[in-house]
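Step one of this worksheet: look at the structure below.
Just so it is clear, the values below take in all heavy atoms, side chains as well, and ignore hydrogens, waters and symmetry mates. From a predicted model like this one, the values you see are computed outputs, not experimental measurements.
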Amino acid sequence: MQIHLVFVGKTGFSDLESAIDRYLGRVEHYCRIQTHYVKAEKITASSQDSSVRAKEGERIAKLVDKRGHMIVLDRSGREFDSPGLAKFIEKLNDSGVSEAWMVIGGPLGVSPELLKSADLVMSLSQLTFPHDLVRLMLAEQLYRAFTIIRGEPYHK
């Protein structure tokens, strides 16, 4: 299985980018992983939040284009503990899913249309986190999931 991470815009924090790359490099020992960036809409005082989310959602949908299993991160989604996420990833892989697309929206989140089209809406927490930080958290949790699947000691 190949995992595709879809991020809206680039992160503005080089330290976070470095940490994300560190975990994604570790994930590459277990599966193919690719990061895709879609253009972020400019947010101004006169921007309509729904319009920003809709335009970014259209870009994401065009990129993913029904090519695999789409998982959208949103605080309203299904929560997993780390072993549960590992089981979910293992089940996807075992069921023959060749591509899993994991989407993290921009600062305003994702559009309702994108949430409706997702195969799974997943939450890392009920708390609201900056989207840049969620990228790091997801990268680390993917690494943790693969170590759990392989029975390696990282999760202990």
Side-chain angles (χ1 to χ4, degrees), residues 1-38 40 53 56-57 59-156:
M1 178 173 70
Q2 179 169 2
I3 296 176
H4 297 270
L5 301 179
V6 181
F7 300 152
V8 174
K10 299 276 186 177
T11 183
F13 302 99
S14 60
D15 292 343
L16 276 178
E17 191 70 33
S18 176
I20 292 165
D21 289 344
R22 177 180 174 193
Y23 282 110
L24 295 183
R26 291 177 178 187
V27 171
E28 287 178 338
H29 296 286
Y30 304 100
C31 78
R32 292 172 292 147
I33 190 160
Q34 185 175 2
T35 305
H36 305 269
Y37 296 92
V38 298
R53 286 190 297 267
E56 292 172 349
R59 291 180 187 122
I60 293 166
K62 185 177 179 182
L63 172 67
V64 175
D65 192 31
K66 303 287 182 200
R67 293 190 285 185
H69 196 87
M70 185 169 63
I71 302 156
V72 177
L73 275 77
D74 186 83
R75 70 178 179 182
S76 69
R78 177 179 169 193
E79 286 189 41
F80 292 94
D81 60 10
S82 294
L85 180 60
K87 284 180 187 174
F88 174 75
I89 290 171
E90 189 171 36
K91 183 178 175 185
L92 278 181
N93 190 48
D94 292 348
S95 66
V97 170
S98 61
E99 295 183 271
W101 293 78
M102 302 186 87
V103 177
I104 297 173
L108 300 178
V110 295
S111 68
E113 295 78 18
L114 198 63
L115 291 172
K116 287 177 191 169
S117 66
D119 294 296
L120 172 71
V121 179
M122 181 178 119
S123 175
L124 293 178
S125 171
Q126 291 297 304
L127 298 171
T128 302
F129 295 110
H131 67 286
D132 289 332
L133 185 56
V134 171
R135 295 173 186 190
L136 174 59
M137 294 166 60
L138 178 61
E140 190 280 336
Q141 284 298 303
L142 288 172
Y143 174 63
R144 183 177 298 275
F146 282 106
T147 63
I148 291 169
I149 291 167
R150 295 277 180 97
E152 296 173 358
Y154 178 77
H155 179 63
K156 299 205 183 296

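- The closest side-chain heavy-atom distance from Leu24 to Leu5 is below 4.5 Å.
- Leu138 has its side chain within reach of Met122: a pair of non-hydrogen atoms, C-beta onward, lies under 4.5 Å apart.
- The side-chain hydrogen bond (donor to acceptor under 3.5 Å, both in side chains) search around Arg78 returns none, not counting sequence neighbours.
- Scanning both residues, Arg75 and Gln126, for their nearest heavy atoms gives O-NE2, 3.1 Å.
- Atom CD1 of Ile20 is separated from atom CZ of Arg22 by 13.0 Å, given to the nearest 0.5 angstrom.
- Listed by first then second residue, pairs satisfying side chain to side chain donor-acceptor pair (under 3.5 Å) with a partner in residues 80-93 read Ser82-Gln141, not counting sequence neighbours.
- Residues Phe146 and Ile3 have side chains in contact (heavy-atom distance under 4.5 Å, counting atoms from C-beta outward).
- The side-chain heavy atoms of Ile60 and Val72, taken from C-beta on, include no pair separated by under 4.5 Å.
- For the pair Thr35/Ile33, no side-chain contact is recorded, criterion being any heavy-atom separation below 4.5 Å from C-beta on.
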Can you give each donor-acceptor pair under 3.5 Å made by side-chain atoms of residues 147-154, sequence neighbours left out, with the distance rounded to 0.1 Å?
from, atom 1, to, atom 2, distance (Å)
Thr147, OG1, Arg144, O, 2.7
Glu152, OE1, Tyr30, OH, 2.4
Tyr154, OH, Glu140, OE2, 2.8

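- Nearest heavy-atom pair across Tyr37 and Gly9 is CD2-O, 3.3 Å.
- Legend: residues meeting salt bridge (Lys or Arg N to Asp or Glu O under 4.0 Å) with Arg59, ordered by chain and number and at least two apart, are Glu41.
- Looking only at side-chain heavy atoms (C-beta outward), Met70 and Val103 come within less than 4.5 Å of each other.
- Val110 places a side-chain heavy atom less than 4.5 Å from the side chain of Leu115.
- Note that the CG atom of Asp74 and the CD1 atom of Ile104 stand 11.5 Å from one another [nearest 0.5 Å].
- Scanning for ring pair (Phe, Tyr, Trp, His ring centres under 6.0 Å) contacts around Phe88 gives Phe80, with sequence neighbours left out.
- One N or O on the side chain of Arg53 and one on the backbone of Leu108 form a donor-acceptor pair closer than 3.5 Å.
- Screening residues 94-137 for ring-ring contact (aromatic ring centres under 6.0 Å, His included) gives His4-Trp101, His36-Trp101 as the qualifying pairs, with residues at least two apart or on separate chains.
- Among the candidates Leu92, Asp119, Ile89, Val121, the single residue satisfying the side chain to side chain contact (heavy atoms under 4.5 Å, CB included) test with Ile71 is Leu92.
- Across Ala86 and Ala145, no two heavy atoms sit closer than the pair CB-O, 3.5 Å.
- Residue Arg26 qualifies as enclosed at atom CZ: its count of foreign heavy atoms under 6.0 Å is above 12.
- Residues Ser125 and Glu79 approach most closely at C-OE2, 4.1 Å, considering heavy atoms.
- Here the side chains of Glu17 and Lys10 are not in contact, with every heavy-atom distance at 4.5 Å or above.
- Atom CD of residue Glu99 and atom NE2 of residue His69 lie 12.5 Å apart, to the nearest 0.5 angstrom.
- Scanning both residues, Gly57 and Leu114, for their nearest heavy atoms gives O-CD1, 4.1 Å.
- The shortest non-hydrogen separation linking Gly12 to Asp132 is N-OD2, 3.9 Å.
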